[in-house]
2 protein chains.
Amino acid sequence: MTGDQLSSPALLPSGFVDLLPLDAQAEANGTEAMLAVFASHGYERVAPPLLEFEDTLLGGAGAVLADQAFRLMDPDTRRMMALRPDITPQIARIAATRLHAAARPLRLSYAGQSVIAGNGGAGQNERQIGQAGIELIGPDGVEADAEVVSVAAEALGRLGVTAVSFDVTMPPLAPSLIKHAGLSDKTRTALMHALDRKDAAAVAEHGGTIAEILIALLNAAGSADEALEALKCADLPVETLRFSERLMASAQAIRGRLPNLQLTVDPVEFRGWKYHTGVCVTAYSLESGEELGRGGRYLCNNNEPACGFTFRPDAVFRAAPRGTHARRVYVPFGTAPGIAEALREDGYVTVAALELQSLPEVEARRLSCPSIVRDGKLQSLD
Amino acid sequence: MTGDQLSSPALLPSGFVDLLPLDAQAEANGTEAMLAVFASHGYERVAPPLLEFEDTLLGGAGAVLADQAFRLMDPDTRRMMALRPDITPQIARIAATRLHAAARPLRLSYAGQSVIAGNGGAGQNERQIGQAGIELIGPDGVEADAEVVSVAAEALGRLGVTAVSFDVTMPPLAPSLIKHAGLSDKTRTALMHALDRKDAAAVAEHGGTIAEILIALLNAAGSADEALEALKCADLPVETLRFSERLMASAQAIRGRLPNLQLTVDPVEFRGWKYHTGVCVTAYSLESGEELGRGGRYLCNNNEPACGFTFRPDAVFRAAPRGTHARRVYVPFGTAPGIAEALREDGYVTVAALELQSLPEVEARRLSCPSIVRDGKLQSLD
């Protein structure tokens, strides 16, 4: 196979990419910066493996991920294994097993790669997905929801990503409302589809007795204040009230911690969620509209309450200001090693010649070094 | 599935593990520290994907890895893909394709996870293998070999791993010597097995005219000075001389840069190498004897010369001195946010209460915090 053949990007499977120097470094630095913020709030790092037995990985909180996972057979045991499509269910497993005796609240963090078999929908073409996140296991209260969002917002801020919006939803709310409205199966399905498309006319057509409430809530989506006011006024059945009350309480707890955060609430949004059972949060870049990460409340394998937030580092770094280039210095052949060592200690990158060059300045420029060591001193070539 | 069932470690496939808090953090920190050393010498980070099409991943330098790789089918194209068993051949592919026009010497670094299907032999039970390394692409000279070893040694030193030995070998040397000795196929095979086992009696039995040289070289393995002296005195056929001369020159270049490094040379070692075509180097911990990493010279997909070194971060961190625990501070409910923020800026880890606790000191100890915020000030609980 020649270089030219290989240089066609189609020779990598769709959804898998090579990160080249500046991008790979930015993603690595940014991930570690986010993990440092997580650690400073007591979230301790764990690292589950890339693959597990299928029944472990896709059991518990991971069951809803079954159709997203690549399978392969363990040649030793002939049991099926699966590549992880998501790290959160692995953290839930660790919390329920090896860390079941650790003190609660249990705060864990992680960073790693996941692989999904099909396209993830919603315009996502990537099949290898970087993830970096936190999980807060044990507490069930609104302060836990708010801590997770505030730590996530701080991590974005650390990377200079400040033009962000957090959207709070309660995926079980609309299904609960619809379930208790006494509709036929067919109407219920039509109504869910209408809501999913945010199609107010179709909601009116199929909504029966709850059409008015649903349209009011649909229209209320947006700024947190207005959405919460509309929720408060909505005449909800008692079964749905607990969801709406929790959504309001969580959103208010987040507002309390982060009064300057752009916060939206969408009371009837429910699609795209996986194992989540309660309040969910999505972070968006206000500049590109791209989703930067998402999280929410779920149950660990032993039904212990938990909530978390997972960033997509690649999306976060697309939204982050670009870092400055490293200061590269060309070190001609024969330069005393101590000189390059001192430069590295001062934060320079030293690029050493491996043989004598007749024109070291030309060689320095060829190797993207704007400065050079000459007579034992750093000299700029500009 | 209950927590008790899951807590059996046998529920993860053999060779795959969960890293728990302190280990996961140590491995992440240590990997980034090594990559920072690599970067300071101009090695720029790239990140190839976890899996590729089989014919790309296991072609070129990767061909010898074919029997170590897990395969899976791409549902989109029905083409077979493979999980990477090693990152170096991916770097070679990137150098030959997307970076084929980048200036040489091309210095690249990487860190990531690889997966091997079977047990890797040599007592390795892990099937998910962390790798962190450098590749120096373009130059073919001994100074390139020496730079790679000296950067690898500096990375170990940065992690406090100083009790190390680097063993230099030339895998093609013994096969070349045996090939040109005019032995029968059967004797040649027996001799290779004897050398592989370092069985001097069997080497004497099967070695014919080269038995004496082989035994001398076998006995010379060890301290670089003695081994190089024995190599110099050995009466080698001209076809083998180029390997022995290059081995001597590379070892001397390494000695020139790192006079205090413990360096051994094993002139007739050849097993366990994969795509390597020239000088190879293995780093060992002098305390545990464990292999910390290995590397050597090979050819990129377009036959461009290259050499590199890849660490096993898990082995390196077993050899590294343990870091100190983070200083955890319990922050009672209702503490002004600025106080915890200031503590985090000073390097503390703050563990926030999510509700009012009647006995905050008890709660602090339960959450492994040796200090607490009281009346707005940090107080030790010791």
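Just so it is clear: chains get the letters A, B, ... in the order the sequence lines come, proteins before strands, and each one is counted from 1.
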*Should A/His41 and B/Thr350 be marked as a side chain to side chain contact (heavy atoms under 4.5 Å, CB included) after you check the CA-CA gap, both sets of side-chain angles, and the distance that decides it?*
CA-CA 5 Å; A/His41 288 273; B/Thr350 60; 4.2 Å; yes

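- Checked by atom type and distance alone, the side chain of B/Arg45 never pairs as donor or acceptor with a backbone atom of A/Ala26 at under 3.5 Å.
- Across all their heavy atoms, B/Ala24 and A/Ala47 have their closest contact at CB-N, 3.8 Å.
- Chain A forms more heavy-atom pairs under 4.5 Å with one residue of B/Ala352, B/Ala353, B/Ser368 than with any other, namely B/Ala352.
- Residues of residues 29-40 of chain B lying within less than 4.5 angstrom of chain A, judged on heavy atoms, are B/Glu32, B/Ala39, B/Ser40 in numerical order.
- In this structure, the side chains of B/Leu72 and A/Leu83 come closer than 4.5 Å at one or more pairs of heavy atoms.
- Looking only at heavy-atom pairs under 4.5 Å with chain A, the residue among B/Leu343, B/Leu20, B/Val331, B/Val351 that has the most is B/Leu20.
- Of the listed residues B/Pro337, B/Gly59, B/Pro105, B/Gly141, the one with more heavy-atom pairs under 4.5 angstrom with chain A than any other is B/Pro105.
- Top candidate by heavy-atom pairs under 4.5 Å with chain B, chosen from A/Arg257, A/Gln90, A/Met81, A/Arg71, is A/Met81.
- Contact annotation for B/Arg366: both backbone and side-chain heavy atoms come within less than 4.5 Å of a heavy atom of chain A.
- Atoms CZ and CD, from B/Arg328 and A/Glu44 in turn, are 5.0 Å apart once rounded to the nearest 0.5 Å.
- In this structure, the portion of B/Val115 lying under 4.5 Å from any heavy atom of chain A is its side chain and not its backbone.
- Using a 4.5 Å cut-off between heavy atoms, B/Gln25 touches chain A through backbone and side chain atoms alike.
- Scanning all heavy atoms of the two residues, the minimum distance from B/Val46 to A/Pro21 falls at CG1-CD, 3.6 Å.
- For A/Glu154, the part lying under 4.5 angstrom from a heavy atom of chain B is the side chain only.
- The two residues A/Pro49 and B/Phe16 come nearest to each other via the heavy atoms CB-CB, 3.8 Å.
- Looking at A/Gln128, its side chain does come within 3.5 Å of a backbone N or O of B/Leu50 through a donor-acceptor pair.
- If you measure heavy-atom distances from A/Pro139 to chain B, the contacts under 4.5 Å come from the side chain alone.
- Only the backbone of B/Tyr348 comes within contact range of chain A, judged by heavy atoms closer than 4.5 Å.
- For chain B, the nearby part of A/Ile94 is the side chain; its heavy atoms alone come within less than 4.5 Å.
- Expressed to the nearest 0.5 Å, how far CZ of A/Arg98 lies from CG of B/Leu12 amounts to 8.0 Å.
- When all heavy atoms of A/Phe70 and B/Met73 are compared, the pair lying nearest together is CE2-O, 3.4 Å.
- Heavy-atom distances place no part of A/Leu57 under 4.5 Å from chain B, backbone and side chain included.
- Closest heavy-atom contact between A/Leu367 and B/Ala103: CD2-CB, 3.8 Å.
- Panel note: side chain B/Glu147, backbone A/Leu354; no donor-acceptor pair is recorded below 3.5 Å.
- In this structure, the side chains of A/Val349 and B/Arg107 stay at 4.5 Å or more apart for every pair of heavy atoms.
- Among residues at least two apart or in separate chains, salt bridge (Lys or Arg N to Asp or Glu O under 4.0 Å) pairs with a member in residues 14-26 of chain A are A/Asp18-B/Arg93, A/Asp23-A/Arg322.
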